[in-house]
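To start, the structure itself, in structure tokens.
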Amino acid sequence: MDTAGTAAERRQLINVAYRLLGSLAEAEDAVQEAYTRWYALPLGKREEIASPGAWLTTVTGRVCLDVLGSARARRERYVGAWLPEPLPDRAEWGHGQGADPADQLVLDESVAMAFLVVLESMTPAERVAFVLHDVFRYSFAEIADVLDRTPAACKQLAASARRRVDVTRAPAVVPATAVAGRADAVRQVKEAWETKDITALVGLLDPAAVMVADGGGAVGTVPHPVEGGARIARYMVAIADMAPGLELLERSVNGMPGLVARRAGVVTTVAAFDVADGHVTRIWVVRNPEKLRLWTQDG
């Protein structure tokens, strides 16, 4: 495999692994392990492999499957709610396209926080089958090599996973008008939050809205989901009162309009939103510093 081919495959593998694991750090590790196994093969063995890319995809998928299998135990030890690692739009943060794995990620609908959270409800095998087939269009014969099951069994796994996914959450192209509408709703939330206008916030939030925060035990945050638009509005205003000097920025989070909070120039919070009919229905707040390492430089 030449250098150009290696770079192209690595980009694809990083994109697959992030969607499978919801963590860029773990995705990097999984891809690195696949390449380590590739280069550990005797040269003659490597030359016998007709499609190195397919081989690397299979190995990366198997590594991710193992990671997902152990995730439940790790999540049980995790303090508070666990959320996927949020991704910035690198163009907004002073980064060009380079060798950094984050620069290789395609920010499309399949990395939207709403979709990644839904993937967490699947079993490891369901998630692998669903993501590889429905998102990346791998055949069930190819997926069978990853899961060590028959193509028919993999098809059943994908179907089972699909039943867990609300059709409104499935990855589909979001029209530009809908993105603009989401951006407008997030902008209004930002303005109401900055002015501590509880009435305005309540009007922008769906009455059944839910806010989930991930601090990982490293920073203080609400330990349980906050349910109800009015409760969320009061909580947001209370946070604003306790954090003078907090600067709110409108930024893309996992390819969708979101907010970033900075204090003294340091990013402390990244918030992703789900919007329906002009009202915010879900807010995912990531405060764990380990998950904010990509958000260190503002453009």
Side-chain angles (χ1 to χ4, degrees), residues 79-89 92-93 112-114 117 177-299:
V79 179
W82 185 95
L83 290 174
E85 180 182 353
L87 299 176
D89 182 332
E92 293 179 346
W93 290 83
M113 189 66 72
V117 169
T177 53
V179 174
R182 293 184 186 198
D184 186 57
V186 171
R187 182 175 302 113
Q188 291 182 63
V189 168
K190 171 182 177 289
E191 293 169 352
W193 195 358
E194 288 175 326
T195 57
K196 303 177 185 179
D197 189 337
I198 290 182
T199 301
L201 282 171
V202 170
L204 293 166
L205 295 165
D206 187 280
V210 177
M211 183 182 74
V212 178
D214 176 346
V219 295
T221 190
V222 60
H224 304 290
V226 180
E227 301 180 356
R231 290 185 63 197
I232 294 172
R234 289 194 296 270
Y235 178 81
M236 292 173 71
V237 170
I239 290 297
D241 286 336
M242 292 187 292
L246 201 65
E247 177 188 16
L248 294 178
L249 305 170
E250 294 176 54
R251 291 292 185 270
S252 172
V253 180
N254 286 60
M256 293 294 171
L259 292 178
V260 172
R262 293 193 306 192
R263 195 171 187 185
V266 177
V267 171
T268 60
T269 305
V270 172
F273 297 79
D274 203 15
V275 178
D277 299 323
H279 291 85
V280 173
T281 58
R282 293 288 186 276
I283 306 176
W284 297 280
V285 179
V286 180
R287 300 201 67 233
N288 184 344
E290 292 185 1
K291 296 184 178 182
L292 300 180
R293 62 195 179 97
L294 300 177
W295 300 79
T296 56
Q297 181 181 349
D298 185 7

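Quick caveat: nothing in here was measured; it's all calculated off a predicted structure. Along the sequence shown, the residues carry numbers beginning at 1.
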Checklist entry - With a 4.5 Å limit on heavy-atom distance, are the side chains of Ile198 and Arg234 in contact? => result yes
Checklist entry - Hey, does the side chain of Lys291 reach the backbone of Asp214 with a donor-acceptor pair shorter than 3.5 angstrom? => result no
Next on the checklist: Contact between Leu294 and Glu85 at the side-chain level, heavy atoms closer than 4.5 Å - yes or no?
Outcome noted: yes
Item to check | Interatomic spacing from CG in Asp206 to CG in Leu204 - rounded to 0.5 Å | outcome: 11.5 Å
Checklist outcome for this item: Closest heavy-atom pair, Pro84 versus Val286, reported as atoms and distance to 0.1 Å, is O-CG2, 4.1 Å
Checklist entry - Do the side chains of Ile232 and Met236 get nearer than 4.5 Å, heavy atoms only? => result yes
Next on the checklist: With a 4.0 Å cut-off on N to O distance, would you call Arg187 and Glu191 a salt bridge?
Outcome noted: no
Next on the checklist: Give me the atom names and distance for the closest heavy-atom approach of Ala112 to Met256.
Outcome noted: CB-CG, 4.3 Å
Item to check | Residue pair Val253 / Trp295, side-chain heavy-atom distance below 4.5 Å | outcome: yes
Checklist outcome for this item: Heavy atoms of Val237 and Trp193 approach each other most closely as N-NE1, 4.4 Å
Checklist entry - Is there a side-chain contact between Thr269 and Thr221, using heavy atoms and a 4.5 Å cut-off? => result no
Checklist outcome for this item: Correct closest heavy-atom pair for Arg287 and Val219 would be O-CG2, 3.4 Å
Checklist entry - Which atom pair, heavy atoms only, marks the closest approach of Ala213 to Val222? => result CB-CG1, 3.8 Å
Checklist outcome for this item: Hits for side chain to side chain donor-acceptor pair (under 3.5 Å) against Glu227, two or more places apart or cross-chain, chain-then-number order -> none
Next on the checklist: Test of understanding: with side chain to side chain donor-acceptor pair (under 3.5 Å), list the residues that count as partners of Asn288, not counting sequence neighbours.
Outcome noted: Tyr78
Checklist entry - Less than 4.0 Å between a side-chain N and a carboxylate O, is that true for Glu247 and Arg262? => result yes
Checklist entry - Can you list the steps and then say if Gln188 with Asp184 is a side chain to side chain contact (heavy atoms under 4.5 Å, CB included)? => result CA-CA 6 Å; Gln188 291 182 63; Asp184 186 57; 2.8 Å; yes
Next on the checklist: Within the supplied structure, the quantity of interest is the number of heavy atoms (other residues, nucleotides, ligands) at a distance under 6.0 Å from Asp241 CG; does it exceed 12?
Outcome noted: yes
Checklist outcome for this item: Heavy-atom closest pair (Ala185 atom, Gly278 atom, distance to 0.1 Å) is CB-O, 4.2 Å
Checklist entry - Going by heavy atoms in the side chains, are Pro86 and Leu292 under 4.5 Å from each other? => result yes
Next on the checklist: With side chain to side chain contact (heavy atoms under 4.5 Å, CB included) as the criterion, how do Thr268 and Leu246 come out once you've worked through the C-alpha distance, each side chain's angles and the decisive distance to 0.1 Å?
Outcome noted: CA-CA 9 Å; Thr268 60; Leu246 201 65; 4.1 Å; yes
Next on the checklist: For a side chain to side chain contact (heavy atoms under 4.5 Å, CB included) check, start with the C-alpha distance between Leu259 and Glu250, then their side-chain angles and the critical distance, and finish with the verdict.
Outcome noted: CA-CA 5 Å; Leu259 292 178; Glu250 294 176 54; 4.0 Å; yes
